[in-house]
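I have placed the structure first, in the form of structure tokens, so that the comments after it can refer back to it.
As the structure is a computational prediction, the values presented were derived from the model and not from experiment. As the structure lists them, so they are numbered: ligands from 1, and atoms in each ligand from 1.
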Amino acid sequence: MEGTMGRFEGKVAVVTGAGAGIGKACALAIAREGGRVVVADIDGSAAAACTAQIAAEAGHALALAIDIAEAQAVAALFERADRHFGGVDLLVNNASAMHLTLRDRAILDLDLAVWDETMATNLRGTLLCCRQAIPGMIVRGGGAIVNMSSCQGLSGDTALTSYAASKAAMNMVSASLATQYGHAQIRCNAVAPGLIMTERLVAKLDECMQRHLRRHQLLPRVGRPEDVAALVAFLLSEDAAFITGQVVCIDGGMLAHVPTYADGGNSLSARSSGETAEAAQSPRY
Ligand SMILES: NC(=O)c1ccc[n+]([C@@H]2O[C@H](COP(=O)([O-])OP(=O)(O)OC[C@H]3O[C@@H](n4cnc5c(N)ncnc54)[C@H](O)[C@@H]3O)[C@@H](O)[C@H]2O)c1
């Protein structure tokens with residue numbers, strides 16, 4: 001951990017949902033570059049395990065069990081961070097109620113409780129964390145915030161109505177925050193991942209489904225939590241000192257192309273290899 005890079009030496013970061021997946025990779029990346037990290041997660045034992053891993057690598061971290069949807073718990077989180085590490089410079093709003101995506105549906109079939117709970121965690125929880133972080137950042141002369149959005153917040157989905165709307169709204173919270181507090185040297189950006197194979201998704205998506213999703217990327221591999229963590233670390237660091245209010249996609253090119261050009265061999269290369277465009281575009285499971 002006492003590496004040579006150290007972009008976060010002397011900085012304190014709060015990462016929500018840092019017990020697993022992308023959030024855990026972000027916490028590790030920040031700690032490996034000298035940052036002290038508050039590992040906040042609704043799953044206290046997952047937070048403790050991440051903190052233990054950081055400590056084993058000679059980094060500094062504090063585990064806190066917290067539901068970001070609870071305003072008082074969020075306030076307590078930032079009080080603990082202040083007391084333990086002396087103020088917060090960096091915030092990664094990564095936690096989302098992923099379990100609710102299983103119950104998300106098309107608009108006419110949607111259980112409004114799922115909509116409300118999704119918004120309460122993903123959107124309101126993000127807002128609550130920002131509201132707790134901003135005053136201290138103003139006093140400390142600045143800070144950086146990354147909100148974990150999704151490609152799903154930039155394109156329609158057959159079922160993920162609530163999740164997608166919460167992510168699109170998080171993009172606008174990011175732009176509003178950047179607009180309102182840029183004068184205080186606080187930067188805020190959103191990161192929009194495509195398919196990222198976390199432990200949770202490895203267990204959930206079978207190989208057939210993974211292949212189907214990969215067909216719609218331009219790069220021929222799945223995304224990894226470390227890919228997203230590297231982008232988050234860049235956006236939090238001074239290397240991104242003049243970047244704010246942006247939504248940055250990290251999706252292997254999923255949203256960057258005309259859909260019919262996916263599958264590596266697009267219709268043009270299919271034609272040159274003698275295959276019909278229709279054949280090239282049909283699913284290959
Ligand atoms: N994995 C992907 O393909 C993908 C794609 C796009 C966006 N994202 C976004 O990345 C973020 C992380 O996703 P992931 O795939 O790593 O998820 P994950 O399920 O692997 O990890 C999420 C972590 O958040 C915690 N958490 C859930 N609800 C919480 C709450 N209310 N308060 C505090 N912690 C809570 C969980 O306990 C878990 O440790 C999410 O915001 C998700 O929307 C993920």
Self-check item: Nearest neighbour of atom 37 (O) of ligand 1 from the list D41, T16, T121, on a heavy-atom basis
Solution: D41
Quiz prompt | Nearest-neighbour protein heavy atom for atom 15 (O) of ligand 1, which is reported as residue plus atom name and distance | solution = R200 NH2, 2.7 Å
Quiz item: Does S149 come within less than 4.0 Å of ligand 1, judged by its heavy atoms?
Solution: yes
Exercise. For the pair R224 (side chain) and I196 (backbone), establish whether a donor and an acceptor sit closer than 3.5 Å, ignoring hydrogens and angles.
Key: no
Quiz prompt | N147 side chain to S174 side chain, donor-acceptor N/O pair below 3.5 angstrom | solution = yes
Quiz item: Can you tell me if E33 uses its side chain to pair, donor with acceptor, with the backbone of R7 under 3.5 Å?
Solution: yes
Practice problem: Enumerate the atoms of ligand 1 whose separation from the nearest heavy atom of N94 is less than 4.0 angstrom. | Solution: 10 (O), 11 (C), 12 (C), 40 (C), 41 (O)
Quiz item: Do G194 and ligand 1 have an N or O pair less than 3.5 Å apart?
Solution: yes
Quiz item: Nearest to atom 6 (C) of ligand 1, what protein heavy atom do you find, and at what distance?
Solution: P193 O, 3.3 Å
Self-check item: Distance filter under 4.0 Å to M98 heavy atoms, resulting ligand 1 atoms
Solution: 17 (O), 19 (O), 40 (C), 42 (C), 43 (O)
Self-check item: Close-contact set for ligand 1 against L201 heavy atoms, below 4.0 Å
Solution: 1 (N), 2 (C), 3 (O)
Exercise. Mark yes or no for whether N94, through its side chain, and V15, through its backbone, hold a donor-acceptor pair below 3.5 Å.
Key: no
Exercise. Inspect the contact between D227 and R221 and indicate whether a charged nitrogen and a carboxylate oxygen are less than 4.0 angstrom apart.
Key: yes
Quiz item: Looking only at protein heavy atoms, which one is nearest to atom 24 (O) of ligand 1, and how far off is it?
Solution: G17 CA, 3.3 Å
Quiz item: Can R105 and D111 be counted as an ion pair, charged N to O under 4.0 angstrom?
Solution: no
Self-check item: Atoms in ligand 1 with a heavy atom of I66 nearer than 4.0 Å
Solution: 32 (N), 33 (C)
Quiz item: Would one find an N or O of I68, backbone or side chain, under 3.5 Å from an N or O of ligand 1?
Solution: yes
Self-check item: T16 side chain to A95 backbone, donor-acceptor under 3.5 Å
Solution: yes
Practice problem: Indicate yes or no for a side-chain donor-acceptor contact from D43 to the backbone of A47 under 3.5 Å, with no hydrogens or angles considered. | Solution: no
Quiz item: So is G23 polar-close to ligand 1, meaning N/O to N/O under 3.5 Å?
Solution: no
Practice problem: Hey, can you tell me if Y181 and H183 have their rings parallel, tilted or perpendicular (30° and 60° cut-offs)? | Solution: tilted
Quiz prompt | Sidechain N-carboxylate O distance under 4.0 Å for R214, E207 | solution = yes
Self-check item: N93 side chain to T126 side chain, donor-acceptor N/O pair below 3.5 angstrom
Solution: no
Self-check item: atom 26 (N) of ligand 1: the protein heavy-atom neighbour that sits closest, reported with distance to 0.1 Å
Solution: I42 CG2, 3.8 Å
Quiz item: Does at least one non-hydrogen atom of M197 fall below 4.0 angstrom from an atom of ligand 1?
Solution: no
Quiz item: Does an N or O from C151, backbone or side chain, lie closer than 3.5 Å to an N or O of ligand 1?
Solution: no
Quiz item: Do the side chain of Q246 and the main chain of V248 share a donor and acceptor less than 3.5 angstrom apart?
Solution: no
Quiz item: Are S96 and K167 close enough, and set up right, to give a side chain to side chain donor-acceptor pair (under 3.5 Å), and what steps lead you there?
Solution: CA-CA 10 Å; S96 283; K167 295 296 178 179; 2.8 Å; yes
Exercise. Output the list of atoms in ligand 1 that are nearer than 4.0 Å to some heavy atom of D67, sorted by atom number.
Key: 30 (C), 31 (N), 32 (N)
Exercise. Go through ligand 1 atom by atom and flag the ones less than 4.0 Å from a non-hydrogen atom of G21.
Key: 16 (O), 20 (O)
Quiz item: For ligand 1, which atoms have a heavy atom of M148 less than 4.0 angstrom away?
Solution: 9 (C), 10 (O), 11 (C), 41 (O)
Quiz item: Backbone or side chain, does any N or O of A69 fall under 3.5 Å from an N or O of ligand 1?
Solution: no
Quiz item: Got the closest protein heavy atom to atom 8 (N) of ligand 1, with its distance?
Solution: Y163 OH, 3.7 Å
Exercise. Go through ligand 1 atom by atom and flag the ones less than 4.0 Å from a non-hydrogen atom of A95.
Key: 33 (C), 34 (N), 35 (C)
Quiz item: Is there a donor-acceptor pair under 3.5 Å between the side chain of K11 and the backbone N or O of L236?
Solution: no
Quiz prompt | Shortest protein contact, atom 3 (O) of ligand 1 (heavy atom only) | solution = I196 N, 2.9 Å
Quiz item: Which heavy atom of the protein is the closest neighbour of atom 16 (O) of ligand 1, given with residue, atom name and distance?
Solution: I22 N, 2.8 Å
Quiz item: Do any nitrogen or oxygen atoms of S96 lie less than 3.5 angstrom from nitrogen or oxygen atoms of ligand 1?
Solution: yes
